[in-house]
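Just below is one structure, and these are the notes that go with it.
Throughout, protein chains are lettered first and strands after them, A, B, ... in sequence-line order, and every chain is numbered starting at 1.
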Amino acid sequence: MADQDPWIRSEMGGTKQAHVISKPEIMVAMLKKSRRSLVIIGNETISGGKRTETLIKLILKLQNTYHTPVLSTAHIFGKLIAHGIKPDANLGSMEITGRLCDPQWKGLDGNGQYDLIFVAGFSYTLLSLLLSGLKQGAPDTKVISLDPKYHPHATWSYPNMKPDAWQAEIDRFISLFSPDNM
Amino acid sequence: MADQDPWIRSEMGGTKQAHVISKPEIMVAMLKKSRRSLVIIGNETISGGKRTETLIKLILKLQNTYHTPVLSTAHIFGKLIAHGIKPDANLGSMEITGRLCDPQWKGLDGNGQYDLIFVAGFSYTLLSLLLSGLKQGAPDTKVISLDPKYHPHATWSYPNMKPDAWQAEIDRFISLFSPDNM
Amino acid sequence: MNKRNIHISLNEAKSSAGSLKGLDIQVGKIKGEFWDEKEGPTPFPDHIDLRNWDRTLLARYKPLYLPFCDLCCLCTYGKCDLSGGKRGACGIGMEAQQSRIVLLAACIGAATHTSHGRHLVTHLIGKYGRRTPINVGGSNVDVEAPVIRLVCGIKPKTLSDLETVLDYLESQLTELLATAHTGQESDPIDFESKVFHAGMLDHVALELADMAQISVFDFPKADPDAELVKLGLGTIDSKKPVILVIGHNVPPAVDIIRYSQKHDLSDKIEVTGICCTAIDLTRQDPHAKIVGPISWQLRYIRSGVPDVIVVDEQCVRADLLIEAGNVSAPLIATSSKNCAGLVDRTLDNPDDIISDLVSGKVPGVLILDPDKVGEIAVRTAVLVKETRRTKKVSFIPTDQELIELAKRCGGCMECTRACPNETPIPEAMKSAALGNFVSLAEIYDSCIGCGRCEDVCNKDIPIHNTLVAAARKKVISEQFFVRAGRGAIQDIEIREVGGPIVLGEIPGVVAFVGCANFPKGVSEVAEMAREFAKRRYICVASGCSAMAIGMYKNEDGQTPYEEYHGRFEAGGIVNVGSCVSNAHISGAAIKIASIFAKRNLRGNYEEIADYVYNRVGAVGVAWGAMSQKAAAIASGFWRLGIPVIVGPHGAKYRRMLMGRKDNEEDWYVYDTRTGEKVYVGPVPEHLFITAETKEEAMVLIAKLCMRPNDTSRGRSMKLTHYIDLYKRLYGIMPDDIHLYIRSSADIPITMKEEILPIITEKGQSDQIIPDPTLLTSQIRKRNGAK
Amino acid sequence: MNKRNIHISLNEAKSSAGSLKGLDIQVGKIKGEFWDEKEGPTPFPDHIDLRNWDRTLLARYKPLYLPFCDLCCLCTYGKCDLSGGKRGACGIGMEAQQSRIVLLAACIGAATHTSHGRHLVTHLIGKYGRRTPINVGGSNVDVEAPVIRLVCGIKPKTLSDLETVLDYLESQLTELLATAHTGQESDPIDFESKVFHAGMLDHVALELADMAQISVFDFPKADPDAELVKLGLGTIDSKKPVILVIGHNVPPAVDIIRYSQKHDLSDKIEVTGICCTAIDLTRQDPHAKIVGPISWQLRYIRSGVPDVIVVDEQCVRADLLIEAGNVSAPLIATSSKNCAGLVDRTLDNPDDIISDLVSGKVPGVLILDPDKVGEIAVRTAVLVKETRRTKKVSFIPTDQELIELAKRCGGCMECTRACPNETPIPEAMKSAALGNFVSLAEIYDSCIGCGRCEDVCNKDIPIHNTLVAAARKKVISEQFFVRAGRGAIQDIEIREVGGPIVLGEIPGVVAFVGCANFPKGVSEVAEMAREFAKRRYICVASGCSAMAIGMYKNEDGQTPYEEYHGRFEAGGIVNVGSCVSNAHISGAAIKIASIFAKRNLRGNYEEIADYVYNRVGAVGVAWGAMSQKAAAIASGFWRLGIPVIVGPHGAKYRRMLMGRKDNEEDWYVYDTRTGEKVYVGPVPEHLFITAETKEEAMVLIAKLCMRPNDTSRGRSMKLTHYIDLYKRLYGIMPDDIHLYIRSSADIPITMKEEILPIITEKGQSDQIIPDPTLLTSQIRKRNGAK
Ligand code: SF4
Ligand code: SF4
Ligand code: SF4
Ligand code: SF4
Ligand code: SF4
Ligand code: SF4
Ligand code: SF4
Ligand code: SF4
């Protein structure tokens, strides 16, 4: 019983709110446990500045260390290549959300559904809805929001953070990457 | 920025959630600051058991030490007398809520509105709505929920608590009562 | 907008020239050619035509808003946080937003009744012809359609006249719904006025729907001595094939009865019902059995008793297909309003359908022809009964199973936190695990059968079933009676009670209406009804509340319907019928103005509402009101000046309408004789209020029955009840008596000693009793007075 | 339900016998006595009549639900937590609940248009008579009411015929709204089907409303060369008295124009408008000026320019009375849908009203008679102009004030967190405090003027005003053109483009519709429209989107309406008019089936929708869709098989309808010639989808224009655009080309080299191009094939 859980659980807008990522070890553990993970990045990934830099670094590392497939949404595929990332696939954000909600979906490689999703690079409102859709339609899928804003509909989310603090957290996460941690 | 505040504040059902009463000193401080306080107790005050015992003790103390007027709702006036409390007034829970939302209301004694309200002894759902009504209609009034269940629409609320822990908290509160603390 | 148009209906004109058979111009009948009553100012009114009346009431009874959450999420500009005085992206504030939500609810409710009425009328016209006469009580009921007369200014004679009324309703509702769009109405009080309008329309729809079915079916026609019908799980012979009908639209159920009668199966099958279809079915056939109110759905189905489930519209659980499937009972959906995803088999061969259902090839079918439903339900029930014998169809655990289930409970409290009534399930499970079922059985009494507890139990305990199991003895003994819904009140009854009511000598009319979202079990409603019947109020009931009253027995084993008579007079408990029969309650109030006081009804809403408000001491109690329909029904009472009290869950309607007895200036009326403003005290004090407990409700009932027009004799009687109840239930004297005593003649004689000192202290001076009105138009302007 | 009834209207029958003047039995006209087209299977259809069609579409395009929150709070059983597969107290699950919310939105939207239509028709009949002929384009438009013909199976000739249609709409909407009641429909797909029905009704209402006003007013009548009208804050001469009209119901605005013309004031006052009333006003009088879309309300009023604000219905800010009061501009409310709490002065003496307004005795009035509004608005504007000179009426800060305000900012981020577009206000304030307004001015471009930021700023900075101030130069230079709304598409235009569209040789019809909830400024819509006009698609626009397109200038200073022609042919940008004019877009698609393909329209919905779906490469883009009306409009397109793309905020409609190109089995059609099932690829891939960026939207537009019926020539053109856009905007080749290439003839010649290897790799085999249909009823069953 968290302190701020209403007693009647439906009192506030949501009964299941994302856990706050308090340390990167959590995500490493989830990666280890996961059979199939996927990274989904949205159009704001390339909006520039620190956010882009941080995300690109992280995604490259994920691709390289864990070979996690990366899917880009919207129109950013080409721009990502310019940033040194070659996504494994491109789909609309709604399209990939729909597929993730279909237990029969074969995945990008034909080997079946994913059980762990990282998301980043979206506007807050749009991601909220995508996460809500996943929470509703893919209840068993763990979804980790990497954006520096708290997203209640994710399974795990960073809290609202200043850019520097967030960058430091992502760096800590990356520092844990190693083939042992797979 | 609390960890679990959604970034877009309207994401979850409420943007303003009650502070959790972490220690009784908070309430004592509020009592000191308040010009006019009022205790409102609902029908479950006399539902029996530990809840009744604890609340009656507290209310008696409040009446005696701070001379805070007590208003009972529903039909419990007579039963309270049997428990040794003589409420200062009786009104329906909706009636008193309506009056508290009217800046022109003269109060029970004709001396004007209240700025600090203690509430206890209600069913969770009903109190939720009463608190929501006050939050909306009497935004400057501080409302403290003494029931052992977290009420997001209050200004301050106890978290969800086991009866024993709650009783201990109330006892700690009472122990701070003294004419100095007025 | 329909006001100046008349729609004339025409039977069949599908092919072009020459085929205008059945043209039936009913101008005279509709607009009252044979009705010499003068037309009032507002036949077929728009919202705006009655806005002043609404604002008059709303100036006294100010809305108190209790938002469900801080947000508005109605459009894609949102969500918007409206708390703390903030405005949405569309500029709306919290108060207007909350009143908009109330309007939406009232529109949904009124649309439901209107659409139901349209469906019924169209069906009955198709089957019986458009000239089928309206007949709600033969010669006993001359004022056959008080609400329609009042609102529409017409006097409907045939089913087809009702179509004109439907056109009006649909047009108005569309307009009201439109105002709920983002960026339309901006003022909360104007939203509230539109709510009132929706409510008024709703009562028109109710009256229309019930009139249509009463006229055509063998329902009691304003019969105070309608038969007693069986009620309760314990009354059902589960050895026979059992059909369960659920919902509000009775024609399929009627055709089930007819089919079984025609094929001599009446004695061989049981036809049972839940909700209003059950009530209306027993109006047609008193041998059908009522299982219980809306909240009995899960427990009854899971008991395995019903073999076939026939569902129509309104108040039907959205998971019936799943629940029916679990107990291998085929589901027949009969309304396009709930297609339930089923294949429409209306045009298929019955044999094929039945074979598909019996074999379990399909879990259910959609059949939109009531006749066909009749045949298929009966034949399927007979066949399926056999196949179900070999299957597990009851999910109510045995005692031993119950103990095992209870042992699983980890005491996590999630069930309590999900339960609308916060029932103490975990504690009860603890005792049950030790073989003591008493606490669990107690929870059965306050359980509304919603099933939310089960969804959150991570030990997968079928909690609701365990409650039913624990209460097994009680459940089996659920054998009660309810008087079949009588329909309208006779003119003669009105003539006899009109005077006593208006003078206050019958202390009040208390209507128990609405659904079964009861906080502490159905028994509270029975208790209230008995209390006021005993005090010789006129108690009226409908829908789930009428059932709830029946689910009680006194020391002599009598249900309230056996204990009290069914006449609309002091000391009666009058079941008018199903939810649509609520119009007979507002209708009775209106008929008092017409029959007793000889006021014109025709298109004369404002005057009559003013009359009812100031004179007719009626109060509605919707103790378990749950639905948008209930919201609409309540709104219709408000506009007529009749206060409504709801139970604690009713707070979730999110808006109260309360008066302020402490503001003297709010309680002046005009004296029609002089035009003077006269203080009359806070009567009735509120228009809509939530009571926390049944005790509070009872005191409120007594109090809200007072009216400015009460004679001293009447007022003193009303005060006697108020004070007596207050003292008994609250344990003290009320502190506001002086507000209701206009002169010493008002003081109840038996209480003089107690009261006089209070009055002396508060300094009450003598007030005249005016001929009260809120309308300047009612002032007779004698002596040059304004 | 109205299907078999005909409503005949009658002018005045108030007094009883003998006064049946004006009886007008229009059976022939209504049911098509003079219309020799064969009646199809579903005139005046109920939802259930088209359920199979809906389910066919919905089997391909499955709903994806994106709940706003975990709860349902629609009734007092709730709130109920529906997350994680839990069910509500009424048994409903999350999917059905979300689809119910969509249905509610669609009903509110359709009710708004229907009620607006009822209001218009009643008003116009009152003023011009019920026999006023329908005339939307004279001899150029023979198929004058394609939607009504298709849906209702009638051919309306006079205003009064439209009343029959209104009765039908209101009846159906009431029924649909009823299904949203707690405990009715339980199946999400059936809810979706009801959403489609609401959408179809909505297009009927749209067509009806626009037909009525086009017929009576001096609107362009299907005129491709309608005049260019001025648009933008910079076009207004604020030295003259300025009237601002806001909303959607044009009669009061028309009467303002007429009054000023009659009194020779046309040159002396400025009549300016926001939203659809503005658009419709300029259809009547091209000298009136359009300020901008819905989101321009706050900035324009706060600029102090408008002297009098006249507000009617729909999309009007709910805080206008407050905002108008702040700048001392009287408010005239003109619709009973938004009474705004104002006193109804309709019957008062104009002099009294004007004096009350000018003196500021009242902040506003409610006047329900458009004529009177005309007089009062004009006279008040002239007088108030003078008094306002002495008052502070502009709240846009000066540069110096702006710096001071910006200095107050504490960088708390609350504004960003409240802003729908998450604009980076705090950073911009930081620069502004140093005198650099560039960033603030940039925010102006993506600001939708909702005002939410201001409500949360605890430093009380009037943020929206600061944006306007920072963008001052830009604001003043807002001088654009938009072509006046032309109304319907001429038959001859359809005849000419019908073939090229159906064969795919005009690559598509792209309709830019809906509100201004734009994520990144209005310019994106203009950009998209220009791109597709340049590519020789037919671009169509309406409402706020039509304005948004106009708010752009190319290098030569031309707006898109100057750059592109207004004909319904390749390379046009066609402004049909206001929101109600959207029916001309669906109407054009329907007319292709009728005029080009000679299909019967009359009551023949399913066949025509199937035709449009499989053949007409049309796509709707509602980039800033915000309202329930937009939801209804989109739904109407869906049922007709026309996909709709929304911007990112459109995700808040909470439900997408998306196909799955990876499921081959979903993409088979029947070949009408043989009855064989033929794979045609995922065309169109989606029915409703949110695009994250304009680039995604553009690629989707190109893709969703493909249809099974495309000839190879057409397909290769469509593919060229798709691939070209994809490559340019995404920077890579699309990976799904092989799904759209049925044979090598489909491959765009210029891209052969790039594409051939892909096709070879993916192993595409030759497919036939069928005569496609989803309906078994359309199979011609030759050669004994089914
Ligand atoms: S209004 Fe209801 S649905 Fe909307 S956010 Fe609040 S609780 Fe959720
Ligand atoms: S209706 Fe208004 S308050 Fe509600 S979500 Fe839309 S913009 Fe916000
Ligand atoms: S089924 Fe009964 S016990 Fe369970 S949550 Fe509902 S009301 Fe409470
Ligand atoms: S939810 Fe289940 S396990 Fe938890 S307390 Fe309730 S019955 Fe026991
Ligand atoms: S009383 Fe309420 S729950 Fe019962 S049948 Fe009527 S509407 Fe349904
Ligand atoms: S409609 Fe159903 S899910 Fe929604 S609040 Fe009511 S009971 Fe709960
Ligand atoms: S007014 Fe503009 S900047 Fe402010 S919250 Fe609204 S959109 Fe954002
Ligand atoms: S809310 Fe006000 S103070 Fe806070 S960052 Fe925004 S402009 Fe600055």
Side chain from CB out, backbone as N, CA, C, O: work out which of these in [X] comes under 4.5 Å of a heavy atom of chain A, or both, or neither.
X	answer
D:E685	side chain
D:D736	neither
D:K62	neither
D:K661	both
D:L64	side chain

Test: D:E695 and A:K79 ion pair at under 4.0 Å: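 The answer is no: the pair does not qualify as a salt bridge.
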Heavy-atom pairs under 4.5 Å with chain A, option from D:Q98, D:H686, D:K727, D:H649 with the top count: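 Looking at each option in turn, the highest pair count goes to D:H686.
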Pairs of heavy atoms under 4.5 Å with chain A: top-ranked of D:D662, D:L82, D:L700, D:N421: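 Maximum pair count with chain A is reached by D:D662.
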Distance from [X] atom [atom1] to [Y] atom [atom2], nearest 0.5 Å?
X	Y	atom1	atom2	answer
D:M698	A:H75	CE	NE2	9.0 Å
D:M413	A:K162	CE	NZ	8.0 Å
A:M94	D:I645	CE	CD1	13.0 Å

Which atom pair, heavy atoms only, marks the closest approach of [X] to [Y]?
X	Y	result
D:F68	A:H153	O-NE2, 3.9 Å
A:D102	D:R660	OD2-NH1, 2.9 Å
A:L126	D:A651	CD1-CB, 3.7 Å
D:P67	A:L129	O-CD2, 4.1 Å
A:S132	D:L66	OG-C, 4.0 Å

Residues D:M656, A:E95; criterion side chain to side chain contact (heavy atoms under 4.5 Å, CB included); working and verdict: CA-CA 9 Å; D:M656 303 288 115; A:E95 293 170 329; over 6 Å; no
Atom CD of D:E427 with >12 non-hydrogen neighbours under 6.0 angstrom: no
When A:T97, A:I76, A:L80 are compared by non-hydrogen pairs under 4.5 Å with chain D, the top option: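 Among the listed options, the one with the most contacts to chain D is A:T97.
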Side chain / backbone / both / neither for A:Q104 at chain D, heavy atoms under 4.5 Å: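 Neither the backbone nor the side chain of A:Q104 comes within 4.5 Å of chain D.
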Per-residue contact mode, A:I81 against chain D (heavy atom under 4.5 angstrom):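 Contact with chain D is through the side chain of A:I81 alone.
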Close side-chain approach of D:D735 to A:F77, heavy-atom, < 4.5 Å: no
Check: A:F122 and D:E692 side chains under 4.5 Å, non-hydrogen atoms: yes
Derivation and outcome, side chain to side chain contact (heavy atoms under 4.5 Å, CB included), residues A:T73 and D:E696: CA-CA 9 Å; A:T73 68; D:E696 185 180 355; 5.6 Å; no
